[in-house]
Amino acid sequence: MEKALEVLVIGGNRYVGKRLIARLLADGHRVTVLNRGSSPPPAGVARLVADRDDERSLTGALGSRVFDVVVDQVCYTPRQAALARRVFAGRTRRYVMTSTVEVYEFEDSPALVREEAVEPSTVAVDLGLPWDDPAFLEAHYGEGKRQAEAVLAAGREFPSTAVRVAHVLGGDDDFTGRLAHYAERMRTGEPIAIPAVNRPATYVYVEEIARFLAWAAGEDFTGPVNAASHGALTTEELCEAVAAHVPGGRAVFRPVEVGEVSPFSFRRSYGMDNARAARLGFSFTDARQWLPHAVAETLGKGD
């Protein structure tokens, strides 16, 4: 990018966020991180300490600061989005919200899902739901993101985009434990529960989604955009990649009609179409190209 931007990253302490910050710095941008102060920022990054759910705290921390773009890594509810609209009105020229493939949780299409399947302007918003209850929020993760997208899209305070991120893989700091789930079952011989009809899904490499977010920060498009690598992957393909790092590893699958299944197995199809990102100028890679390396990193077998 030709022009150095003033970028505020809300969240960004770990995983995708820290890689995003590294890319923004490498591109020559000036980066500020806003969080609760639980960990120091990387070298060369300014920090603001505030509770993003507390309007007075957030406004006080920002002071008179203004930004070219805000990248919000931790917007989960319509209340948080509404607060952001109030606080950042006049403080930023662009807002990038990190959203999720889970906004499509009610889709079940054999074809890759395009952005218009969930149009923010048609999503009903209910600020009165118990969004501050962690259990409610966890159970309504996709709904919270849908409504947060809708609140930001309805605002005229600043242009915004919602980046709908596929399931993220890779990195030695993957904190989810989902690939480790498969590795442990292969070590012990315990069956891996999958749906009786198991659907593939789209994924994205952790470094690639960081690259996409850094790129999106400097663009001017609005509305939702899917962020996923090419090629839907099956649970079997993931397990094959994991088995390469488990001595004698072999996946034993146990199909189940109802009940809990393994982390990357799905009863519905909601792979994402990334054609809009391509039209906007970003080229994703093929998931099968980076999958072996991503699994090796996460399981501690990376180069």
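Computed from heavy atoms alone, side chains included, the values below leave out hydrogens, waters and symmetry copies.
Taken from CG in L291 to CD in E240, the straight-line distance is 9.0 Å, to the nearest 0.5 Å. Note that CZ of R268 is 8.5 Å distant from CZ of F106, once rounded to the nearest 0.5 Å. One distance of note links CG of L137 with CD of E143; it measures 11.0 Å at 0.5 Å rounding. With rounding to the nearest 0.5 angstrom, the OG atom of S262 is 7.0 Å from the CD1 atom of I194.
The shortest heavy-atom contact between D51 and S57 is N-OG, 3.1 Å. For E257 against A196, the heavy-atom pair with the smallest separation is OE2-CB, 3.5 Å. The two atoms that bring H167 and Y270 nearest to each other are NE2-OH, 3.4 Å, heavy atoms only. The two atoms that bring F136 and P130 nearest to each other are CD2-O, 3.3 Å, heavy atoms only. Taking every heavy atom of both residues into account, M186 and G249 meet most closely at CB-CA, 4.3 Å. Of all non-hydrogen atoms in V16 and Q73, the two that sit nearest each other are CG1-NE2, 3.8 Å.
By the rule that hydrophobic residues join a cluster once side-chain heavy atoms approach within less than 4.5 Å of another member, V125 and W131 end up as members of separate clusters. When hydrophobic clusters are built by joining Ile, Leu, Val, Met, Phe, Trp and Tyr residues whose side-chain heavy atoms come closer than 4.5 Å, directly or via intermediates, Y104 is grouped together with V123.
Between V70 and I10 there is a side-chain heavy-atom pair separated by less than 4.5 Å. A heavy-atom distance below 4.5 Å is not found between the side chains of L152 and D72. A heavy-atom distance below 4.5 Å is found between the side chains of V31 and V9. Residues V252 and R185 form no side-chain contact, since every pair of their non-hydrogen atoms from C-beta on lies 4.5 Å or further apart. Looking at heavy atoms from C-beta onward, P224 lies in side-chain contact with P120 at the 4.5 angstrom threshold. By the 4.5 Å heavy-atom criterion applied to side chains, L62 and L48 are counted as neighbours. A 4.5 Å side-chain heavy-atom check between R199 and R267 finds every atom pair outside the cut-off.
Checking side-chain atoms of E149 against main-chain N and O of S99 turns up no donor-acceptor pair under 3.5 Å. Checking side-chain atoms of D172 against main-chain N and O of T298 turns up no donor-acceptor pair under 3.5 Å. A distance-only check finds a donor-acceptor pair linking the side chain of R94 to the backbone of E219 [under 3.5 Å]. Here the side chain of E237 pairs a donor or acceptor atom with the backbone of T234 at under 3.5 angstrom. Side chain of D286 to backbone of R288: a donor-acceptor contact under 3.5 angstrom is found. Distance alone, capped at 3.5 Å, places no donor-acceptor pair between the R85 side chain and the A81 backbone.
Figure legend: R91 and F158 shown without cation-pi pairing, the cationic atom not lying both under 6.0 angstrom from the six-membered ring centre and within 45 degrees of its axis.
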Go through the steps for E119 and S121 under the test side-chain hydrogen bond (donor to acceptor under 3.5 Å, both in side chains), then give the verdict. CA-CA 6 Å; E119 170 54 52; S121 64; 3.3 Å; yes
Could you go step by step and tell me if S229 and E208 meet the side-chain hydrogen bond (donor to acceptor under 3.5 Å, both in side chains) rule? CA-CA 8 Å; S229 298; E208 187 161 49; 2.7 Å; yes
R65 vs T32, side-chain hydrogen bond (donor to acceptor under 3.5 Å, both in side chains): CA-CA, chis, key distance, verdict: CA-CA 10 Å; R65 295 284 302 273; T32 300; 2.7 Å; yes
Before giving the answer on side-chain hydrogen bond (donor to acceptor under 3.5 Å, both in side chains), spell out for R79 and T77 the whole-Å C-alpha distance, their side-chain angles and the decisive distance to 0.1 Å. CA-CA 5 Å; R79 289 184 192 170; T77 75; over 6 Å; no
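Ring to ring, W215 and F221 are close: their centroids are under 6.0 angstrom apart. Under the 6.0 Å cut-off for aromatic ring centres, F264 and Y203 qualify, their centroids lying closer than that. Proximity of the aromatic rings of F282 and F284 is defined here by a centroid distance below 6.0 angstrom, and this criterion is met.
Y205 and W290 have parallel rings, their planes meeting at less than 30° on a 0 to 90° scale where 60° marks the start of perpendicular.
Remark: E115 does not engage R276 in a salt bridge, criterion side-chain N to carboxylate O under 4.0 Å.
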